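Here the structure comes first, spelled out in structure tokens, and everything after it is commentary.
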Amino acid sequence: MKRVLETKVEDNFMIRFKYYKSNKPKPSLEEVIKIQNDTIEVNNISNIIENDPRTKLLGLKDFTNWKTYTFKKHPGLFLILNPFTSLGQRFWIRKCLEEYPKKPNKTNIDIERNIEDWWSELCKGEQWDRKLQKKLRWTTLGYHHNWDTKVYSEENRDVFPLELAELCDVVAQYLGYVNFNAEAAIVNYYHMGSTLSAHTDHSEVNLEAPLFSFSFGQSAIFLIGGHEKSYEPSAILLNSGDILVMSKEARLCYHAVPKILPALNQPWNNHEESKIITCDDVKTKYINIKKIVTEMNRNVDNEWTCFGSYVQESRINVNVRQVLMENRKTLDD
Ligand code: OGA
Ligand code: MN
């Protein structure tokens, strides 16, 4: 009888993942997607003529300054190159560190111990607790991602942060999605050696709605392939402030983060373009203006120092999804 030898065949995704993950030898960045060659710049996608009054409040530049690209090899994928102001970046970094890991939101630390407020715990005492700093890997908001069952439930849901929902709504509108509702988010915290392995995000009931992914702090190599792991993935460099949008055909594609790279620029420190904004600058019916404007301006100097040290050696990714079908309020509707 012939014996069939079973050999484990590595798929193309895995081969690329290992290539970029490697420290010895270091991967060449030669084949990382070049904006000039591998993408197409898109202008005025949704025929928006006027700027949205919310951009200023949310730490974004005017729409006229946004640079948006689609990928020749990856239909449905959009990259908006850092549309944030410097103070805007600081505002969102601070939210991700100080506010989002607080209860009732869930974090990976909950699994071993109960911490009400990770950031204050970290800063308590004489010395900054480096062990606790490195421990935080994720926080979930809104419908909490269930890491075991991958199923969302009403019992495992908290209020989604208003300002983050507004941010996604502005970006969604800009791309022509008028009915996007931010209902679930994972905030990922990466250190210099961290990786995220190949996966698809398919837990949401609504898989037609786009997924918004915001990057802050250190840079990353992001791999995106096809609906199967045999498809050779492309590598994209994501820098602080960049927004990646996975829509249509790209929504269910395999993706991963094999490497965190030191940021070449620190757009959160570009003081020359950081204008303090005042309430009179902004006329909008949308949100609690005063609160956001004050918070944005708070991040100018000494209050920023600890947050600055954190992002100097970490990357933060905010990954936002709509869970429900249009016009539904709960999973049971
Ligand atoms: C995720 C994810 C990508 C990133 O959280 O599902 O794919 O850029 N994150 O960190
Ligand atoms: Mn993902």
Side-chain angles (χ1 to χ4, degrees), residues 13-14 16-17 20-21 32-33 71 74 76-82 84 89 92-93 96-97 100-101 105-108 136-152 160 164 168 171 182-204 206-207 209-229 231 233-263 311 313-323:
F13 201 108
M14 184 54 95
R16 287 276 101 188
F17 184 90
Y20 282 108
K21 184 184 173 193
V32 170
I33 283 208
F71 295 77
H74 301 278
L77 187 67
F78 290 88
L79 176 63
I80 305 171
L81 289 184
N82 178 25
F84 293 91
Q89 290 218 10
W92 290 105
I93 290 167
C96 290
L97 294 174
Y100 296 160
N105 301 334
K106 305 225 151 121
T107 78
N108 64 299
L136 184 69
R137 300 307 305 274
W138 53 261
T139 287
T140 52
L141 315 170
Y143 278 109
H144 298 291
H145 184 72
N146 185 321
W147 301 86
D148 301 320
T149 64
K150 313 250 188 271
V151 179
Y152 294 113
F160 194 92
L164 184 54
C168 293
V171 181
E183 290 159 342
I186 302 175
V187 186
N188 297 293
Y189 306 86
Y190 295 84
H191 310 301
M192 293 319 284
S194 310
T195 60
L196 176 68
S197 53
H199 67 279
T200 59
D201 296 300
H202 52 257
S203 301
E204 296 69 30
N206 187 339
L207 293 167
L211 181 156
F212 295 89
S213 171
F214 303 86
S215 294
F216 296 107
Q218 300 305 301
S219 300
I221 299 278
F222 179 86
L223 289 183
I224 179 145
H227 291 174
E228 266 125 49
K229 284 201 204 164
Y231 192 99
S234 301
I236 302 171
L237 180 66
L238 294 179
N239 294 311
S240 194
D242 289 351
I243 308 176
L244 196 68
V245 184
M246 295 168 79
S247 75
K248 308 229 167 72
E249 301 96 304
R251 176 65 180 78
L252 288 172
C253 285
Y254 275 97
H255 57 283
V257 178
K259 199 169 204 70
I260 305 299
L261 292 170
V311 286
E313 44 189 73
S314 308
R315 168 176 185 257
I316 302 172
N317 170 255
V318 190
N319 214 270
V320 187
R321 302 102 193 261
Q322 172 165 341
V323 172

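No experiment lies behind these values; they were computed from the predicted model shown. Whatever order the structure lists ligands and atoms in, that order sets their numbers, starting from 1.
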Measuring from each atom of ligand 1, which residues have a heavy atom under 4.0 Å away?
-> N188, Y190, L196, H199, D201, F222, H255, V257, R315, N317, N319, R321

Do the side chain of R315 and the main chain of Y189 share a donor and acceptor less than 3.5 angstrom apart?
->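 A pair under 3.5 Å: no.
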
H74 vs F71 aromatic rings, parallel, tilted or perpendicular, using cut-offs 30° and 60°?
-> perpendicular

Report yes or no: do [X] and [Y] form a side-chain donor-acceptor pair below 3.5 Å?
| X | Y | result |
| --- | --- | --- |
| N239 | S219 | yes |
| S314 | Q218 | no |
| Y152 | E204 | yes |

Residues that F222 engages under ring-ring contact (aromatic ring centres under 6.0 Å, His included), provided they are two or more places apart |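 In terms of ring-ring contact (aromatic ring centres under 6.0 Å, His included), with neighbours along the sequence ignored, F222 is linked to H255.
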
Listed partners of H145 passing ring-ring contact (aromatic ring centres under 6.0 Å, His included), at least two apart =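 So H145 forms a ring-ring contact (aromatic ring centres under 6.0 Å, His included) with W147.
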
Partner of L196 by side-chain contact (heavy atoms from CB on, under 4.5 Å), out of V257, I260, N317 =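 Considering V257, I260, N317, a side-chain contact (heavy atoms from CB on, under 4.5 Å) with L196 is found only for V257.
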
Answer with yes or no after comparing the ring centroid distance for F84 and F216 against a 6.0 Å cut-off, counting only values under it.
-> yes

Excluding waters, which protein N, O or S atoms are within less than 2.8 Å of the Mn ion (ligand 2)?
->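 Metal shell, protein only: H199 NE2, D201 OD2, H255 NE2.
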
